[in-house]
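Numbers for residues simply follow the sequence, beginning at 1.
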Amino acid sequence: MEYKFTTDNFEAEVLKSDIPVLVDFYADWCNPCKMMGPVVAKIAAEYEGKIKVGKCNIDENMELAKNCRVSSIPAFIIFKGGKPAANFVGAMPAAELKQKVEQALG
């Protein structure tokens with residue numbers, strides 16, 4: 001399941017999550033973000049219960065993106081225990097994103 005993270009639910013869904021959370025910061029007009037959409041959805045399905053996966057539209061949640069220091073998109077941040085544990089930017093092959101998720105899960 002893919003979540004939709006917003007300013008309203010970020011603290012409860014991401015920062016206070018019992019499991020790690022992968023947040024995909026994106027924008028509808030961003031072509032690399034569109035390319036990563038199916039990859040992120042696949043990760044969400046494959047790691048259900050192990051890591052929470054969701055998207056955050058930076059145009060709708062500018063303050064949140066700023067607070068997370070997102071300067072380029074797509075940006076991916078993995079939160080563990082309410083703190084950023086890993087972050088990476090740009091479109092990448094599914095295998096590379098999966099490897100980064102595996103590393104973060106330890």
Are L97 and I73 linked, directly or through intermediate hydrophobic residues, by side-chain heavy-atom contacts shorter than 4.5 Å (ILVMFWY only)?
no

Would you say E13's side chain and F5's backbone share a donor-acceptor pair under 3.5 angstrom?
no

For residues V14 and M1: do they belong to one hydrophobic cluster (side chain heavy atoms under 4.5 Å, members Ile, Leu, Val, Met, Phe, Trp, Tyr)?
yes

Does a side-chain heavy-atom distance below 4.5 Å link P84 with C68?
no

Identify whether Y3 and L15 are in the same connected component of the hydrophobic contact network (ILVMFWY, side-chain heavy atoms under 4.5 Å).
yes

Which donor-acceptor pairs under 3.5 Å do the side chains of residues 98-105 make with protein atoms, sequence neighbours left out?
from : atom 1 : to  : atom 2 : distance (Å)
K98  : NZ     : E46 : OE2    : 2.7
E102 : OE2    : Y47 : OH     : 2.4

Spell out, yes or no, whether M92 and I43 are grouped together once hydrophobic residues are joined by side-chain heavy atoms under 4.5 Å, including indirect joins.
yes

Does one hydrophobic cluster hold both F76 and V39, with members joined at side-chain heavy-atom distances below 4.5 Å?
yes

Tell me the side-chain hydrogen bond (donor to acceptor under 3.5 Å, both in side chains) pairs involving residues 71-91, sequence neighbours left out?
none

Hey, are the side chains of I51 and V21 touching, using non-hydrogen atoms and a 4.5 Å cut-off?
no

If the condition is ring pair (Phe, Tyr, Trp, His ring centres under 6.0 Å), which residues does Y26 pass it with, not counting sequence neighbours?
none

Please list all pairs passing the salt bridge (charged side-chain N to carboxylate O under 4.0 Å, His left out) test where one or both residues lie in residues 18-35, with sequence neighbours left out.
D24-K55

According to side-chain contact (heavy atoms from CB on, under 4.5 Å), who are the partners of A86, at least two apart in sequence or on a separate chain?
I78, F88

Mind checking whether T6 and N9 have side chains closer than 4.5 Å, heavy atoms only?
yes

Could you work out, with salt bridge (Lys or Arg N to Asp or Glu O under 4.0 Å) as the rule, every residue matching E2, not counting sequence neighbours?
none

Results of salt bridge (Lys or Arg N to Asp or Glu O under 4.0 Å) for K16 - residues two or more places apart only:
E11

Heavy-atom closest pair (P74 atom, A91 atom, distance to 0.1 Å) is CG-N, 3.9 Å

SG on C30 to CZ on F25, rounded to 0.5 Å:
13.5 Å

Say you draw a straight line from CZ of F79 to NZ of K52; how long is it, rounded to the nearest 0.5 Å?
12.0 Å

Which donor-acceptor pairs under 3.5 Å do side chains of residues 58-67 form with protein atoms, sequence neighbours excluded?
from : atom 1 : to  : atom 2 : distance (Å)
D59  : OD2    : W29 : NE1    : 2.7
N61  : OD1    : T7  : N      : 2.9
N61  : OD1    : T7  : OG1    : 3.2
N61  : ND2    : N57 : O      : 3.0
N67  : ND2    : E63 : O      : 3.4

Counterpart residues, side chain to side chain donor-acceptor pair (under 3.5 Å), relative to K4 (two or more places apart)
none

